[in-house]
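Shown next, in structure tokens, is the structure this report addresses.
Throughout, numbering of the chain's residues begins at 1 and tracks the sequence.
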Amino acid sequence: MDFSDSPEEATFRAKARDWLNANATLRDGSEKAQDHFMARDADEVARARDWQARKAKAGWAGLTWPRAFGGRDATPIEQVIWNQEEGRYAVPPNVFLIGIGLVGPTVMIHGTQSQKTAVLPRALTGEDIWCQLFSEPAAGSDLAGIRTRARRDGDDWVISGQKVWTSGAHYSSHGILLARTDPQVPKHKGMTMFLVDMSDPAIETRPIRQISGGASFNEVFIDDLRVPDSARLGGESEGWKVALTTLMNERFSISVGRASGGARAEELIALAARVERNGRPAIQDGEVRARIADFVARQRGLEFTSYRVMTSLSRGDAPGEEGSIGKLLLGKLRQEMGAFGLELAGTAAGVSAVADDDAARWRNEYLTAPGNRIAGGSDEIQRTIIGERILGLPPEMRVDKTVPFSEL
């Protein structure tokens, strides 16, 4: 199989590179590739909004969205090419990943015309930032076990409950929220999806301090939030179907977006060239070279696996369970590379300012990686999806599948 650009892809890459050269600054060798999608402070959010608006104005935002919704009708491969090229520049974090990669496609499929008109343009231009209000303290990997309630009150819904691990909720303007609307039916059948305004005083957001020192995840408390029925996304009690659309797009965004645009193994090579082991550059050590070679091979394997998924999409298929393969393998790979980067950087810690920077960078990567293996569905969930829906293995026993939620 030939993985080089086709003539059309080469033309697209050249146009993307020309625009980026004119509008952004190339990263120097000491800068880490910008692969995270959560802002650290208000200044980063403001810079991200400005960058997104510039991309949208020039037609480089929401590339794979249909033109009818403001996109470019680009192929998944063209999106990857853009990710690769943009990753070479010092640009703000992509805080719009959830809005454009998850919420936008979900609204396109399940939303009303008025919802599409209200949500899609503002998500594309960066005016609105979206978060995903799914996980709860008593329902993490078992998303269908949520207890946040939405009860009908005339033409409105009144929502109360708690969400947790919500990425970027503290700076998001809107959220896509899954709530239980009928506890008298089995848990997968009694949920409904809503679009909510995060600035409503009935919503309280509390950032969670993580072991890495950051606070990108949040607890979100909802106390009698009143929303009109027009905020309902999809049919009443059809929230699980809507959520599956969101989740499949999430796993695809995580696995394909990161596997194709990342430079982790390359960063390890650069680090090994800067630090010493046994009195010589670490990159000359056979054990170090073997470890990095293994990481390179696995990273490339993930990249090629993602191409298979994108080929399916280019034929008109919707994102499916294949995204779980990349999600599962990527989380473990990032954690192992973070640990090895920290090991390499630690050999030179305290020797120079550069070494100190390296140690801090890889320490953060190592401490952040476990959360990445949970976000978007834990490793165990991904293995279940792969086993049952891809390999066709017998499903796990689910004794609560037909039991009304109120009896659980």
Side-chain angles (χ1 to χ4, degrees), residues 98 101-102 105-106 109-110 132-148 163-167 176 178-180 185-193 217 234 237-259 298 301-310 312-313 317-336 368-405 407-408:
I98 293 175
L102 283 63
T106 303
I109 293 173
H110 301 284
Q132 184 181 348
L133 298 159
F134 279 19
S135 295
E136 297 186 6
S141 294
D142 181 18
L143 179 59
I146 62 167
R147 296 181 178 276
T148 294
K163 300 293 181 175
V164 74
W165 313 124
T166 307
S167 302
I176 183 170
L178 188 62
R180 187 161 303 283
V185 297
K187 60 183 183 180
H188 289 84
K189 297 182 178 181
M191 296 178 289
T192 304
M193 191 75 79
F217 301 135
S237 293
E238 293 183 359
W240 185 249
K241 180 173 69 173
V242 180
L244 287 180
T245 300
T246 307
L247 292 172
M248 286 189 291
N249 279 284
E250 178 183 33
R251 288 159 189 157
F252 174 77
S253 297
I254 292 173
S255 61
V256 173
R258 182 59 184 88
R298 290 162 65 186
L302 274 169
E303 183 178 346
F304 295 152
T305 299
S306 73
Y307 290 159
R308 295 175 60 188
V309 179
M310 288 182 287
S312 176
L313 290 179
D317 297 333
E321 292 79 9
E322 295 83 359
S324 291
I325 300 173
K327 169 67 173 63
L328 174 65
L329 299 178
L330 177 60
K332 188 172 187 292
L333 178 61
R334 289 190 65 171
Q335 188 166 4
E336 290 181 12
T368 302
N372 294 329
R373 297 179 67 172
I374 298 172
S378 66
D379 288 0
E380 291 76 14
I381 292 295
Q382 307 309 323
R383 289 191 177 96
T384 298
I385 292 172
I386 293 168
E388 295 181 6
R389 304 180 191 176
I390 297 179
L391 301 179
L393 299 177
E396 291 185 351
M397 292 185 63
R398 295 176 174 86
V399 296
D400 61 353
K401 190 172 183 178
T402 60
V403 179
F405 185 79
E407 298 179 15
L408 296 179

TODO: May I ask you to check whether over 12 heavy atoms, not counting those of R147, lie within 6.0 Å of atom CZ?
DONE: no
TODO: Can you see which heavy atom on I146 is nearest to which on A139, and at what distance?
DONE: N-CB, 3.6 Å
- [ ] Search all heavy atoms of S324 against all heavy atoms of I385 and return the closest pair with its distance.
- [x] OG-CG2, 3.5 Å
Task: Nearest-0.5 Å distance that lies between atom CZ in R383 and atom CG in L391 - done: 12.5 Å
- [ ] Looking only at non-hydrogen atoms, find the nearest pair between A144 and F405 and report the distance.
- [x] O-CE1, 4.3 Å
Task: Closest contact, heavy atoms only, G190 versus S237 - done: CA-OG, 4.3 Å
Task: CD on E380 to CZ on R373, rounded to 0.5 Å - done: 8.5 Å
Task: Side-chain donor or acceptor of K163 paired with backbone N/O of L178 under 3.5 Å - done: yes
Task: Residues in side chain to side chain donor-acceptor pair (under 3.5 Å) contact with T148, at least two apart in sequence or another chain - done: E136
Task: Interatomic distance, L330 atom CG to E303 atom CD [nearest 0.5 angstrom] - done: 12.0 Å
Open item on the list: Distance check, rounded to the nearest 0.5 Å: I374 atom CD1 versus I381 atom CD1?
Closed with: 11.5 Å
- [ ] Give the C-alpha distance, both sets of side-chain angles, the deciding distance and a yes or no for side-chain contact (heavy atoms from CB on, under 4.5 Å) between R398 and V403.
- [x] CA-CA 10 Å; R398 295 176 174 86; V403 179; over 6 Å; no
Task: Heavy-atom side-chain proximity of S167 to Q132 below 4.5 angstrom - done: no
Open item on the list: Please report the interatomic distance NZ(K187) to CG(L143), rounded to the nearest 0.5 Å.
Closed with: 10.0 Å
Task: Reported CG-to-CG distance for the pair D379 and L329, which is rounded to 0.5 angstrom - done: 9.5 Å
Task: Any donor-acceptor pair under 3.5 Å from E388 side chain to E396 backbone - done: yes
Task: With T245 via side chain to side chain donor-acceptor pair (under 3.5 Å) - residues at least two apart - done: H110
